[in-house]
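Below is one structure; the comments refer to it alone.
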Amino acid sequence: MAQAAVAQGLDSLAGAGAHQAALAKLEALEEELDAALDRRKSNGVLRRAIKVWRRGEIARAGQLALQATEVDPTNAQAFHVLALALEKMGHQHKALVTFEKAFQLDPNDPDLLLNLGLTAWNMQMREQAQTMFRQFIAANPASPLGYNNLGMVQCELGDPATAIETLRNAIYRMPTESMLWNSLATVLAESSRADESLQFYHEAVRLDPQSSRPYHNLGYAYSHLGMLEDALAAYDGALERVTDPGERVEGLHSRSICLVGMGRLEEGWREYEIRRDPYFRAYVNQMVKAPYWKGENLDGKRVLVIGEQGLGDEFMFANAIPDLIRAVGANGRVQIAVDPRLVSLFQRSFPSAEVGSYDDRKLINRDGDKELRFIPWAIARGEPDYQVLMGSLLQYFRNRLTDFPKQAFLVPDAARVASCKRQLEALGGGPFVGICWRSMMMTGKRGKYYSALDEWGPILKTPGVTFINVQYGDCAGELARAEEIHGVKIHSLEGLDLKQDIEGAAALSAGLDLVISAPTAAAAAAGSVGTETWFLTAGRTWPQLGTEEFPWYRATKVLSPQKFGDWTSLMPNVAQRLVDFAKT
């Protein structure tokens, strides 16, 4: 028995051991089968997500991709598509985290590195994007995408020389890749070398004649060079070839701006309405239910006009508000929603209107809107009869140059104007000339439009002129450096915050004899209150409307160099004009 017992025991143990191993294998097999089943189900949902994506239903595609990740939490491709949808809808941080999750699941997919880099780039994390693109190049050295994106982000990091080298080396290796020629041209154009960029854009077009992007960028370069007929032809070429809905909208917007810049106002303003398309990159969803005004009779109606696109454009587009007020008549009502800093100035200027601010929130609704604008005060008594963006007034009231009244249309506070004049007189004799040399938004792309104060020497040394700072934002260091380099004092009015106190900035501008400025909100404020304003531009700009001035304002000149961004040649010419002005 003992033997039998032992045998039984051994058999029992052996049998138990064999059964356990078999069961473990079966369980593993079942898990594999379950996992395979989950993956098949997940991929099925994912295919549906991709199908609706191709129909342009990005939010629905994201929902389906999320379902796919819930069915199979190890499906890297599902996370990849979910991240793409999140990015497209504006959820940049969530997209970044989701791309990282996909990469953890599938570290051998170099496309994830590329998309991680692109998302980081969109979030202004340029150093991190540069790292991702380098890793992509290491993993996939035969693809032009990594070199292309690396070069462009290097340009945005303020290192165009390195960007040019990156792209040029890539072109040596892959000379038939159109995108590399296109990007090299773009780096040159963004470095104020638009004239040199043309041959590279043309090569990009030659290599890929069916691609829309080189045509669009070629139009952009021609625009900077003031060659607007050529620019229009290039934009038309892009629109003939474009397939992406977002790129089509951008192309139509660029074309409209080109038409306006050529002075073809009626056609240009009509096409300018494309900015109201949800695919437009700067689209804002106005949280107002009232129908959009499209030229209907307004007598006796309540109309909400909404500022747009930034402080400078709100100043400029306000040129047409008096026409709107006349259109609603004595029994109508105009409501004006503007930047909070403009409310009191606009209320004084348009006393019959009701003026308030808008409230912007970075929210995403189910349709994927990137920015929502709330105007609760305007609908507190019910929806207005119509709503309209301020720039949309132009197609009804400003179709010809003769429609621009060439007069002041904003009214600064008289007491503050008097106070500013007293402070100016305490500085000594005039004429008092305000100067503003740049925007506050000085990214790599925008920097080419503005001069450095260091380059203003010929102007600042004009005898008999007292210079006043109207540059908003922190510029104390630049002012001190200018005084040291040029030996000229640029005065700032004590206690005046030119960025936040727009009433004060407008009053100061009204008290000056002249403002010389880059095309910024400071110049728009000065022009709006009727002060003579000289716009220093790097090249021809669309608000000139095909003229040598800014027709929006009472008295303006546009001074620009023959070669785009050649400030060195421009400044002595401006200085001579200022000498003549000071003598009058």
Side-chain angles (χ1 to χ4, degrees), residues 83 87 92-93 95-96 99-100 103 110-205 207-208 211 213-214 216-221 223-224 247 250 281 438-452 538 564-565 567:
E87 181 183 43
Q92 299 295 336
H93 184 264
L96 186 67
F99 275 129
E100 288 175 340
F103 187 66
D111 287 345
L112 286 166
L113 281 170
L114 193 71
N115 287 326
L116 268 168
L118 288 169
T119 305
W121 189 2
N122 288 334
M123 295 175 66
Q124 310 302 313
M125 300 165 60
R126 297 184 182 91
E127 294 287 355
Q128 293 89 332
Q130 183 174 220
T131 299
M132 295 296 178
F133 295 145
R134 290 189 184 281
Q135 290 178 5
F136 176 83
I137 290 170
N140 198 355
S143 170
L145 295 171
Y147 306 98
N148 184 80
N149 294 348
L150 178 60
M152 295 306 296
V153 82
Q154 286 170 334
C155 181
E156 285 200 10
L157 282 166
D159 191 1
T162 299
I164 289 170
E165 191 65 19
T166 295
L167 293 165
R168 187 163 52 193
N169 287 339
I171 287 172
Y172 286 147
R173 297 180 61 185
M174 293 169 271
T176 61
E177 290 291 346
S178 174
M179 73 168 62
L180 297 173
W181 290 90
N182 176 70
S183 291
L184 179 56
T186 299
V187 171
L188 290 169
E190 296 296 350
S191 305
S192 300
R193 297 164 64 180
D195 52 341
E196 298 176 54
S197 74
L198 296 179
Q199 61 178 321
F200 296 96
Y201 281 134
H202 281 296
E203 181 64 10
V205 167
L207 289 168
D208 189 2
S211 175
R213 191 164 296 181
H216 184 275
N217 292 342
L218 184 59
Y220 177 79
S223 294
H224 281 71
E247 288 190 16
E250 293 300 325
R281 56 183 161 73
R438 60 168 172 80
S439 166
M440 282 193 65
M441 298 289 291
M442 292 292 287
T443 62
K445 289 187 175 182
R446 287 177 60 86
K448 63 180 176 295
Y449 297 111
Y450 304 104
S451 60
F564 185 89
W567 303 111

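All figures in this text were calculated on a predicted structure; none of them were measured in a lab. Position 1 is the first residue of the sequence; numbering continues from there.
- Listed by chain and number, the residues in a side chain to side chain donor-acceptor pair (under 3.5 Å) with Asp208 amount to none (sequence neighbours excluded).
- Inter-residue side-chain proximity for Phe136 and Leu150 is flagged as unmet; no heavy-atom pair is nearer than 4.5 Å.
- Residues that satisfy the side-chain contact (heavy atoms from CB on, under 4.5 Å) test with Ala185, not counting sequence neighbours, are Ser197, Phe200, Tyr201.
- The side chain to side chain donor-acceptor pair (under 3.5 Å) check on Asn149 picks up nothing, with sequence neighbours excluded.
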Can you give me every donor-acceptor pair (side chain of residues 172-179, partner residue at least two apart or in another chain, under 3.5 Å) with its distance?
residue, atom, partner, partner atom, Å
Arg173, NH1, Tyr147, OH, 2.7
Ser178, OG, Ala204, O, 2.7

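- A search for side-chain contact (heavy atoms from CB on, under 4.5 Å) contacts involving Glu247 returns Ser212, Arg213, Val242, Asp244, not counting sequence neighbours.
- Residues satisfying the side chain to side chain donor-acceptor pair (under 3.5 Å) test with Gln128, not counting sequence neighbours, are none.
- Taking Arg134 as the reference, nothing meets the salt bridge (Lys or Arg N to Asp or Glu O under 4.0 Å) condition, with sequence neighbours excluded.
- The stretch residues 157-167 participates, sequence neighbours left out, in these side chain to side chain donor-acceptor pair (under 3.5 Å) pairs: Gln154-Thr166, Asp159-Thr162, Glu165-Arg168.
- Here the side chains of Leu157 and Met152 are not in contact, with every heavy-atom distance at 4.5 Å or above.
- The side-chain heavy atoms of Glu190 and Tyr220, taken from C-beta on, include a pair separated by under 4.5 Å.
- Considering only residues two or more places apart in sequence or on other chains, Gln135 meets the side-chain contact (heavy atoms from CB on, under 4.5 Å) condition with Leu113, Thr131, Met132.
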